[in-house]
*Asks:* 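Got a structure for you, questions after.
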There are 2 protein chains.
Amino acid sequence: MAETTRPMRRQEIRRENEKAILLAAEKVFAEAGFGGATMQLIADLAGLPKANLHYYFATKEELYRSVVQNIFEIWLQAANCFDAARGPVDGISAYIDAKMEISRRHPDGSKVWASEVMHGAPVLQDYMESTLREWTDGRVEIIRRWIEEGKMDPVDPRHLLYMLWATTQHYADFGHQIETLNGGKSLSDRQWREAKENIKRVILTGIGAQPA
Amino acid sequence: MAETTRPMRRQEIRRENEKAILLAAEKVFAEAGFGGATMQLIADLAGLPKANLHYYFATKEELYRSVVQNIFEIWLQAANCFDAARGPVDGISAYIDAKMEISRRHPDGSKVWASEVMHGAPVLQDYMESTLREWTDGRVEIIRRWIEEGKMDPVDPRHLLYMLWATTQHYADFGHQIETLNGGKSLSDRQWREAKENIKRVILTGIGAQPA
DNA sequence: CTGAAAGCTGACCATACGGTCAGGATGCAA
DNA sequence: TTGCATCCTGACCGTATGGTCAGCTTTCAG
């Protein structure tokens, strides 16, 4: 990678290698699942000897945990959209945009996250019972208020959230299916825009929050 | 299992053992993924010695293939709802009901299917390019006709289908998350009903197909 | 310049897994 | 009853994988 063999700073080395490993791990875990992934594959993809992986991450479990926590953080960041909003149109639109962008930019991370949850969240159970639950309860409260204020129809907030998660996440997790049905090509910029617009229109109309 | 050691018919034996193996395999593949699943675990769960598995299914791949094809068939059966319908309200309602029932009754199968697609459909690529594509194109055509006939708003049929798939499948694949957010309890009959109603209401309203 | 700490790695190990096989048990048709 | 095809299984094997380690190189503070 580095053309000149300029001496690297310790900190720099650590940062770069960890980043490379995490990126490779994310991809391999996404493609093969935890059980199917091998440290050797991750090492090859990261361009490092396998033993070096164990220098940075003691075990496969530890590496996996780091990958999952990373994507969970990104996932939570999309939450901010909700808070700053004054009504369902703003809030839900922004949230859909944010989550669709995650599906597009971090499909591997999304898959790892989906896999983790599908397998019973062995690593993230704590987070789900604390952070995720708090986040969800907060958002449920916001939606409930919007309903009270007549800004949208009385829809069960939880099922609405599930719908948002499901619909947006689908474009990452089932991306391969979507590509296949798209003639084997990945979605173009325009198609991504159309996807977002369709989702927003259907859901916002569906909850009676369309802006005139 | 059999209390009396009544002699079993050959056919019967075969059928029962294959069924037991497939059921166990579905569960183990769902919980651990293909790579994480072991023939030993499947054998234990099926109550058979490992070697007996290989008598019925030569390889792990072959067993996996059978499991995946099984769920794909169930998945396709839900299609009929669409065909018999006279309009979006009937058709989409029935489809959502059917797919939600699959998520509820076959959560393991749904997870295996999701896993298969997430990992690039190594086994089902053929089916996706033939059967699934045909099915989808047919349904797209039906929806397009509904739009032409003014029975619903002009929504992109493909993205609508993705939304239906995503939303319903979510209750199986992310069932663990939903349970966690439900206080660790699985959804009750009433909650499943509410889920269905919410989804149907939001989507049907969202596409402008609400009946009066 | 020097020594210690950090970074690196080829070779190695124990284990677990998918798969095999020889040979025994069981049903069933004739 | 007999013979044979099907069914079953404990013991075994080769391989791949996660992980270890001794010893090397590189950075860098003092």
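Just so we're on the same page: letters track the sequence lines, and every chain starts at 1. Remember, it's a predicted structure, so these values are computed and weren't measured experimentally.
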*Asks:* Should the pair B:Glu197-B:Lys200 be classified as a salt bridge under the 4.0 Å nitrogen-to-oxygen rule?
*Replies:*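 A salt bridge links B:Glu197 with B:Lys200.
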*Asks:* Return no unless some side-chain N or O of B:Arg14 is found under 4.0 Å from OP1 or OP2 of D:dT6.
*Replies:* no
*Asks:* When the aromatic ring centroids of A:Trp113 and A:Tyr127 are compared, is their separation below 6.0 Å?
*Replies:* no
*Asks:* Between the base of C:dG18 and the side chain of B:Lys50, is there a donor-acceptor distance below 3.5 Å?
*Replies:*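 Looking at the base of C:dG18, it does pair with a donor or acceptor on the side chain of B:Lys50 (distance under 3.5 Å).
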*Asks:* Is a side-chain donor or acceptor of B:Glu116 paired with a backbone partner of B:Val68 at a separation under 3.5 angstrom?
*Replies:*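 Side chain of B:Glu116 to backbone of B:Val68: no pair is present.
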*Asks:* Respond yes when some side-chain nitrogen or oxygen of B:Tyr56 is under 4.0 Å from OP1 or OP2 of D:dC8, and no when none is.
*Replies:*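 Yes, B:Tyr56 has a side-chain N/O under 4.0 Å of OP1/OP2 on D:dC8.
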*Asks:* If the threshold is 4.0 Å, N to carboxylate O, is there a salt bridge linking B:Arg158 and B:Asp137?
*Replies:*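 Yes, this pair counts.
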*Asks:* Under 4.0 Å: is that the gap between some side-chain N or O of A:Asn52 and OP1 or OP2 of C:dG10?
*Replies:* no
*Asks:* For the side chain of A:Pro49, counting heavy atoms from C-beta on, which of D:dC8, C:dT9, D:dG18 is nearest?
*Replies:*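 It is C:dT9.
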*Asks:* Taking atom C1' of D:dG10 as reference, at what distance in whole Å does atom CG of B:Leu53 sit?
*Replies:*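 Rounded to whole Å, this separation is 15 Å.
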*Asks:* Could you check which of C:dC8, C:dA6, D:dG18 has an atom nearest any side-chain atom of A:Arg10?
*Replies:*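 Looking only at side-chain atoms, A:Arg10 lies closest to C:dA6.
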*Asks:* Send over the distance from A:Glu12 CD to D:dC28 P, rounded to a whole Å.
*Replies:*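 In whole Å, D:dC28 P lies 9 Å from A:Glu12 CD.
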*Asks:* Between C:dT20, D:dC7, C:dT9, which nucleotide gets closest to the side-chain atoms of B:His54?
*Replies:* C:dT20
*Asks:* OP1 or OP2 of D:dT20 sitting under 4.0 Å from any side-chain N/O of A:Tyr55?
*Replies:* no
